[in-house]
Amino acid sequence: MRITLTNPYCWPNVRRGSESLMHGLGLWLRSSGHDASILAGAPKRSSYEIDGLPYRTVKATDMTWLGREYVPPVTMIGPMRRALRRLKPDIVHAFSYHDAVAAKRAKLPYALTIGGIITPPWRNRYQFKLFNQACTHAGLIICPSQAAADALKADYGFEAEVVPHGLDVASFASTEPRVAGRITCMATPNDTRKRPDFLVRAFAKVAPKVADAHLVFAGDASDDVQQRLRALLPAKHRDRLSFLGDLAPDELRREYGRASITALTSLNEAFGLVLIESLASGTPVIGTRSGALPEIVTNDVGALSDPDDVNECARQIQWLLDESGPALSARCVAHAEHYDWAAVGPKNVAIYHRVITRW
């Protein structure tokens with residue numbers, strides 16, 4: 001099957017969740033005998049390979065000087081439509097509603113992954129028009145969790161199939177020595193939606209009770225954000241909070257392996273891939289009872305707290321630090337196997353066949 005995976009952005013220009021997910025799926029599809037490639041927006045048109053996976057980019061220009069709706073994902077639609085008509089794949093798997101519109105206009109069958117919980121109202125009516133058009137004409141909509149699918153149905157009336165995000169579990173196997181008391185958060189502190197303040201306040205209650213406990217953030221953290229978060233801790237514990245900045249993929253894997261716990265205390269997550277990556281490294285996880293996190297975090301591999309209860313979060317962190325050990329790590333890896341591409345990839349292929357058959 002000839003499959004084109006699309007997105008407004010791609011490696012190496014952007015390496016966020018959807019771009020990494022798209023790359024991993026593309027590699028698995030090719031390893032399974034499919035002719036898979038990636039088409040995305042970028043500052044300039046180009047062709048290249050990463051890990052043997054073909055990439056093509058179309059030029060996406062920032063034209064917001066004409067109007068706020070002319071952002072690169074929108075200006076990309078026309079060039080991507082033309083590129084798709086030249087490529088003529090059997091199926092397009094769009095990872096954004098913008099590129100789904102390009103597939104629709106190219107008159108090609110497409111499945112659309114909506115990876116987030118998109119809460120109304122929309123501030124930009126044109127963007128909502130594109131979103132509605134992409135969902136209305138999709139051969140099938142995919143959401144990574146039941147929470148995301150339920151939100152899409154409740155807010156917009158669109159049905160979706162649940163297929164969790166996948167990853168190569170074996171690639172996260174770690175030989176790093178575990179650092180006792182190390183609590184790592186891979187969610188960028190600059191993003192208030194990830195609620196770093198909540199996590200730091202919980203850590204402030206753990207620090208006096210666990211002598212070796214320390215909290216580490218990866219991702220962008222401005223000086224102002226670092227100062228604000230440190231101010232939430234008593235002065236004598238502020239040196240137990242550190243910021244690593246952006247990490248390369250290999251550095252991220254090493255950090256998962258060093259951590260005793262990985263934490264994600266945000267609200268309304270549509271999935272939480274960082275938690276699966278942590279489990280694949282044998283590292284247990286802390287989350288909140290919100291969004292999709294209860295679908296991922298079970299009692300044998302981590303713990304959840306009420307989204308507004310700092311005390312409960314602190315208790316769960318302390319409990320997990322006490323429980324850490326080889327048996328818990330083995331359960332984490334076994335749990336992550338449910339999300340390996342070997343399990344998730346075939347579900348995507350089955351959807352492609354269904355969309356093509358309906359077209």
Side-chain angles (χ1 to χ4, degrees), residues 174 176-248 251-267 269 272 274-275 277-279 281-290 293 297 299 301-326 328-329 332:
S174 176
E176 292 288 326
R178 195 78 62 184
V179 179
R182 191 175 182 89
I183 305 156
T184 300
C185 179
M186 296 299 188
T188 173
N190 280 353
D191 188 348
T192 57
R193 297 173 302 174
K194 303 302 181 180
R195 303 203 309 161
D197 303 62
F198 179 88
L199 180 56
V200 173
R201 287 197 297 269
F203 176 70
K205 296 180 180 296
V206 174
K209 300 176 182 178
V210 182
D212 57 4
H214 49 290
L215 176 60
V216 178
F217 282 98
D220 288 334
S222 67
D223 290 342
D224 288 348
V225 167
Q226 292 187 35
Q227 291 175 15
R228 187 190 79 235
L229 294 177
R230 283 203 171 93
L232 297 175
L233 295 171
K236 64 180 179 180
H237 295 313
R238 287 175 187 169
D239 62 347
R240 294 163 72 179
L241 172 62
S242 56
F243 301 88
L244 302 178
D246 279 330
L247 300 178
E251 294 172 324
L252 278 171
R253 287 176 170 83
R254 286 195 292 271
E255 183 54 37
Y256 280 123
R258 284 192 288 262
S260 291
I261 299 173
T262 296
L264 181 66
T265 54
S266 52
L267 301 179
E269 287 284 348
V274 296
L275 298 185
E277 292 173 346
S278 175
L279 295 173
S281 300
T283 304
V285 294
I286 286 283
T288 55
R289 298 184 193 97
S290 174
L293 301 193
V297 183
N299 291 336
V301 297
L304 298 169
S305 68
D306 184 276
D308 298 316
D309 193 335
V310 170
N311 291 319
E312 184 183 17
C313 184
R315 289 195 300 271
Q316 299 288 37
I317 289 173
Q318 189 170 350
W319 174 75
L320 266 186
L321 289 175
D322 291 339
E323 290 292 311
S324 293
L328 178 55
S329 290
C332 290

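What you are looking at is a predicted structure, and each value in this text was computed from that prediction instead of being measured. Quick note: residue numbers are just sequence positions, from 1.
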Pairing of Glu269 and Lys194 as salt bridge, 4.0 angstrom limit | yes

Atom pair CD/CZ of Glu176 and Arg178 - distance to nearest 0.5 Å | 10.0 Å

Smallest separation among heavy atoms of Leu320 and Val285, with atom names | CD1-O, 3.4 Å

Of all heavy-atom pairs linking Leu304 and Arg289, the shortest is O-NH2, 3.2 Å

Just distance, no hydrogens or angles: give the donor-acceptor pairs under 3.5 Å from side chains in residues 222-233, sequence neighbours left out.
from: Ser222; atom 1: OG; to: Val225; atom 2: N; distance (Å): 3.2
from: Gln226; atom 1: NE2; to: Ala221; atom 2: O; distance (Å): 3.0
from: Arg228; atom 1: NE; to: Asp197; atom 2: OD2; distance (Å): 2.9
from: Arg228; atom 1: NH2; to: Asp197; atom 2: OD1; distance (Å): 2.8
from: Arg228; atom 1: NH2; to: Asp197; atom 2: OD2; distance (Å): 3.3
from: Arg230; atom 1: NH2; to: Leu241; atom 2: O; distance (Å): 3.2

Between atom CZ of Arg195 and atom CG of Leu264, what is the distance when rounded to the nearest 0.5 Å?
-> 10.0 Å

Residue set satisfying salt bridge (charged side-chain N to carboxylate O under 4.0 Å, His left out) with Glu255, at least two apart, ordered chain then number -> Arg182, Arg258

Close side-chain approach of Thr262 to Tyr256, heavy-atom, < 4.5 Å = yes

Would you indicate whether the side-chain heavy atoms of Val274 and Glu277 approach each other to under 4.5 Å?
-> yes

Any Ile183 side-chain heavy atom under 4.5 Å of Phe203 side chain | yes

Measure across Asp246 and Gly219 and return the closest heavy-atom pair with its distance rounded to 0.1 Å.
-> OD1-CA, 3.6 Å

Would you say the side chain of Ser242 lies within less than 4.5 Å of the side chain of Phe217, judging by non-hydrogen atoms?
-> no

Just how far is it from atom CZ of Phe243 to atom CG of Asp220, taken to the nearest 0.5 Å?
-> 12.0 Å

So does Arg193 have more than 12 non-hydrogen atoms from other groups sitting under 6.0 Å from CZ?
-> no

Any donor-acceptor pair under 3.5 Å linking the side chain of Glu312 with the backbone of Asp306?
-> yes

About how many Å separate CD of Gln316 and CG of Asn311, when rounded to the nearest 0.5 Å?
-> 12.0 Å

Step through the shown structure and confirm whether more than 12 heavy atoms of other residues, nucleotides or ligands are within 6.0 Å of CG on Asp322.
-> yes

Donor-acceptor under 3.5 Å (Arg240 side chain, Ala207 main chain) = yes

Has the side chain of Thr288 got a donor or acceptor atom that lies under 3.5 Å from a matching backbone atom of Ser266?
-> yes

Between Ala263 and Cys185, what is the shortest heavy-atom contact and its length?
-> O-SG, 3.4 Å

Sub-4.5 Å side-chain heavy-atom contact between Pro208 and His237 = yes

Can you check whether Leu267 reaches Ser290 side chain to side chain, under 4.5 Å on heavy atoms?
-> yes

Between CD1 on residue Ile317 and OG on residue Ser305, distance to nearest 0.5 Å | 8.0 Å

Taking all atoms of both residues into account, what is the closest heavy-atom pair of Thr265 and Cys313, and its distance?
-> CG2-SG, 4.2 Å

Here the pair of heavy atoms bringing Val297 nearest to Ala303 is CG1-N, 3.6 Å

How long is the gap from OG on Ser174 to CZ on Arg253, to the nearest 0.5 Å?
-> 11.0 Å

